[in-house]
Each structure stands twice: as C-alpha cells, then as structure tokens.
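As structure tokens, the structure follows; a few thoughts come after it.
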Protein chains: 2
Amino acid sequence: MTQDPDHAVELLWREREREPRQGLSLDRIVRAAVELADAEGLAGLSMRKVADRLGFTTMSLYRHVPGRDHLVDLMRDAVLAEHPEPAAGGDWRTRLEEVARQAWRLRGRHPWLAEIRGTRHVPGPNAVARYDEMLGALTGTALRPSEVIAAAGLVGRFVDAEALLLVETRREERRSGVSEEEWWGARDSLYDRLDRYPALSHLWEAGGWDHPEDSFEFGLARLLDGIEALIRRRDETRDETCRECGTRLEPADSGRPRVYCSRACRQRAYRRRQTG
Amino acid sequence: MTQDPDHAVELLWREREREPRQGLSLDRIVRAAVELADAEGLAGLSMRKVADRLGFTTMSLYRHVPGRDHLVDLMRDAVLAEHPEPAAGGDWRTRLEEVARQAWRLRGRHPWLAEIRGTRHVPGPNAVARYDEMLGALTGTALRPSEVIAAAGLVGRFVDAEALLLVETRREERRSGVSEEEWWGARDSLYDRLDRYPALSHLWEAGGWDHPEDSFEFGLARLLDGIEALIRRRDETRDETCRECGTRLEPADSGRPRVYCSRACRQRAYRRRQTG
DNA sequence: CCTTTGCTGTTTATGCCGTACACGTAGTAG
DNA sequence: CTACTACGTGTACGGCATAAACAGCAAAGG
C-alpha cells in the first residue's frame, strides 16, 4: 500500500480543508514533520518522533498519511509554498540566477529539501510552480525546448548538490562540535603521505586552500556562463531553426526565409498567441 | 569507537598484507561488500549480509573493520584503484573531460559510489590519485589555484549528482518492473492539473519532452564551456596577476612588468622549479 | 429509539538495521 | 605449562517502518 502514486497526487493537490478542533490532521502532521526535519534532518525524521511531538501513537499517523515517503512529498510541497514572490522581468540570465538563488535560500531554511532522494516524487502545485518559474526564465531564449528542460534540470540539481554538501558539513559540525576546518587540520597522518601527488602539492604550496572560493557562487557563475555560451551559439543559427520546436529548417524554396518547420508548428504558435 | 579517523587512515594507507589461508581478512570483507553493494546499492549493504556472504557471523566483521562507515571508505578506495590509465597529454579541456568520463564510467560499474554521503571521508591513495588527476588537468591554465580547486570540485560533484540520478532511476525500475517513462506516462491525474503553468505547457506542446537531452552529456558540455569562459577571461588578464598565487598585481614602479606579487611567491616558484 | 457503519486512534507484532558486551577457543610467546 | 592475544560467536539493546487486529465513538439509517 506504500505505492499508490495517484493517492499521492490527490493528497498533494487536494483543497485545503479546515482543521479539526482536536485530534490529528494531515496539515498538523506535515507541520510537525517539517519542524522535526528542520531540526534533525531527513535522516532524523521518523514516524515515531513525529507522533511523539504531536502526542499520539506512531500508528495513528497512518490514518492520515500513507507512509513516510508520501509524508516527505507533502512536506516538500508545503515548504515550496513559501516566498511566492513573482519572478521579476529582465533578461534570462538575471531571472534564472534569481530563481536559483531563491531555491538556494529555501534550502538554507529547510536543508532536508536537498536530502530527498528518488526520482518518482509526484510534484504538488508549489513544486510545479517553482519548476515553471525556472523553465520560464529560459523559454524566451534561442535554446531548443529540450535544451531549456535540460538546463533547468542542471541548475536545479546543482543547487541541490551544493545544498547537500553544505548541510552535511553543518550537521556534522554541530553533532561533533568540531568544525570542518579543525577536523581536516588534524589529519596530519594523512598529509604526511601526500607528497608524491604533483598537482595537489603544487596547489597546496601555492596556497590554493588558504582562501577557497565559495563553491555555490563559483559553480553558479560557471553554469550560467556555460548556458550563455550555448545560447549565443544558438542565436547565431536562430534563423535556421524552427521557432516553435527548434529542429533544423530545410532551406526555403522561395526567397522568403522560413520560420516554422511545419504547418503544425506554425499553428501551435498561432494558437498560443491567441490564448496566452 | 566508531569515530577514529586516524585509524581509518591507517587502514586505507596500509601495505597490502598477504591473505591468510582461511578465515576472514580485511580484503575479503571489502571484496564481498563491494559485490553486495554493486548488486543492491549502498542502502542494501548491511553488515549481516556481508557476513552471510562470507559464511561468518555478523560480529566477526568487527574484528577487522571498525564499523560500517569505515568499510564504505575502504570499498571506495578499493574500486578507485581500477583503470589506472595515466592521463593523456593534450589541452586542459580534453584532459578534464576524459577524467570526468572515467569517473562517470566507474560510477556505471559501481553506482553506490555516488550514494556515499558525508564530508569527512578520509581519502585513500587511490582517491587522492584520482583527485590529483583532475586537479592536474587544470593546473596548466590561467586559473588561480583556488579556482582550480573549485572547478575540480564542481565537476566532481556534477558527475556524482548525475550518477546518483541514474542509479536511482535504474534501481527503481528494476525493483518495480516499471520503466521511468511508463511510470510518468501513467500519471494522468497529475497532468490534468498542469494547464495553468505557462512555461511548462508551452514546452510540452513544443515537444520538449519527446527527445530529451542526455543530461550527463549536456551538463558536462555546459560545465566545460563555463570553465572555458573563465579561463579565457583569466588569460586576458594573465599579465596583471601573480603567476604563483593569482592575486592582482600592483602596477610596477619600473617599466618592467612584474610577474610575482611578493618575494615569497617568487621564491616558492623558484624552489618548485628546482625540486619538481 | 436502537443498530449499523465508518472514521480514528491504539496495541501488538514482524522483520530489518548497527553494534556493545561477554564469552569461548586456539595458537603462541614466555 | 601458562598467560596472553587474536579471532570468531551468541545474545541483547535500541532504533526503524509498517502490517493486522482491535476499541471507541459519532453519524446515519431503520
């Protein structure tokens, strides 16, 4: 019974019901779970602890939530509702950067977001909204549709990976009372053996580890640069690809340059202009 | 007792001893654990199962290995010994790309590598060798030392993130017998609600999901492009930064252009030329 | 009115997990 | 021979998710 994605869809997209005066409810469970995960991370989130926090037995939760996995899905969509600032206008780069930074900040507040694993999480309305914002930042560009999607996924995964790194170090630091720097500084028995690695030694002597780059800032800048390079390349050949689906255009028979690859694409574009 | 990093260093960097004719040994345990993790993933790796596979009791393992975490460290360094092809010559980009692809292929053979979490894993000799290769690909460039390190980390984390994605989908597909495509294709109850997300709908109608990009290839290309852009920028200002530590140079008093920012840096460079 | 039905929370139990601890046993150095 | 060490074992504890049967209660139907 742990596997009913359609049930998950219903829970995620359900209308918010009013809370009962007493007793459990889905929203109360989700809120308690979010608090717990904020404090102890996703690994520290257990059905027992959530139930304890609410003053009920463990199994009582299962009357409202199909299981732990679904609970995490619900938690995700709950916190993804925060900060609904509408995306500002501007060129694609500033917009995409802003969306990435918002995702980053959100993971600062709820680090467990980056710890969620698995590829079959049904998105709720807020997850889709965030995704749409990211896609929206890139849709105006010369990128092909599949490239827009790939780029959004790339940036999203980057943010998660960096956030994961950060939360892991932070939690370990809090747990052990030893900072990352102190811990690695005490690994003399390791450093004694690193002489015969040339690049490592060179960088060490050059002070490469003295003032490390901010890995989120550095990575984000490289990523945006990389996407920009592709967009520039696509811009150069923009007139040779279908404006709707991005496939390469056959050379036009007549003198007039073609814009769409097929009647279907032209009509799709036209219809959208009417409705949107 | 589970926390003794120096003990981990000793185990990882120990000389390989000859195997006993019978009974357990560290290497036998590590090999069995690798086989198990290859088949069932890191989550499916348990001390019980490793012991069963070897025909011993669970607790016998603890005579040779401090605990599960250390075992994983040992497994990592064991498989990182595979493929010791020396890095080929060439420009930085082809070298870095090749290192990334080797890491990618290795994670194809041992998907659990990407599942390892935590930031305080002591590297063994092979882990350091792989890291040194990646750093080495970038040391010839105009990047500053800290940027070389950041770029290597970025590429490394990218490979891990993509590998993690892949292994998660694959495992889920095998476990459930339903392919990712089929599973998402069956989520009609979800798609019914996605009309009011403009970018998403647009891309959907434009066929963006029909022929998706290969996310590893796409991401790697963008990343390399992004790093290339930075290198080009640094190349332009190469003569204005210290050749040793990369900080900006004060304008020279005399007419002759400066090369190093300080006597210390000049001496470091000189000494390295003598020894290396 | 009483009874039936369904919702909610509880109790108990199963099968995983890592590993602490006390115990045997066999080989070896003194 | 003895004491010591290395190695393997058995038992036990506390943690986890969750299946299954059960109890109370409120609304619905007769």
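Note on naming: letters A, B, ... go to the chains in the order of the sequence lines (proteins, then strands), and numbering restarts at 1 for each one.
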Nucleotide [N], atom [atom2] - distance to [atom1] of [X] in whole Å:
| X | N | atom1 | atom2 | answer |
| --- | --- | --- | --- | --- |
| A/Tyr62 | C/dT12 | OH | C1' | 15 Å |
| A/Asp69 | D/dT18 | CG | P | 7 Å |
| B/Arg63 | D/dT9 | CZ | C1' | 9 Å |
| B/Leu71 | C/dC17 | CG | P | 14 Å |
| B/Met59 | C/dT19 | CE | P | 9 Å |
| A/Arg68 | D/dT18 | CZ | P | 8 Å |
| A/Leu61 | D/dT18 | CG | P | 11 Å |
| B/Leu26 | D/dA6 | CG | P | 15 Å |

| request: Examine C/dT10: is either OP1 or OP2 under 4.0 Å from a nitrogen or oxygen in the side chain of A/Thr57? Give yes or no. | output: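 Answer yes for this pair, as a side-chain N or O of A/Thr57 is under 4.0 Å from OP1 or OP2.
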| message | Measuring to OP1 and OP2 of D/dG8, would you say a side-chain N or O of B/His64 lies under 4.0 angstrom away? | response |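 The answer is yes; a side-chain N or O of B/His64 sits under 4.0 Å from OP1 or OP2.
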| A/Phe56 side chain, from C-beta outward: closest of D/dG8, D/dT18, C/dT10 |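 Taking heavy atoms from C-beta onward, the closest nucleotide is C/dT10.
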With a 4.0 Å cut-off on N to O distance, would you call [X] and [Y] a salt bridge?
| X | Y | answer |
| --- | --- | --- |
| A/Arg130 | A/Glu133 | yes |
| B/Arg120 | A/Glu180 | yes |
| A/Arg175 | A/Glu40 | no |
| B/Glu115 | B/Arg107 | no |
| A/Arg196 | B/Asp132 | no |

| request: Could you identify which residues of residues 32-48 of chain A place a heavy atom less than 4.0 Å from some atom of DNA chain C, listed by residue number, or say none? | output: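 Of all residues in residues 32-48 of chain A, none places a heavy atom under 4.0 Å from DNA chain C.
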| said: Could you check whether A/Arg187 makes a cation-pi contact with A/Tyr191, meaning its NZ or CZ is under 6.0 Å from the centre of the six-membered ring and within 45° of the ring axis? | reply: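 Verdict for A/Tyr191: no cation-pi partner in A/Arg187.
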| query | CD of A/Glu181: more than 12 outside heavy atoms within 6.0 angstrom? | reply |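 At most 12 heavy atoms, drawn from other residues, nucleotides or ligands, come within 6.0 Å of this atom.
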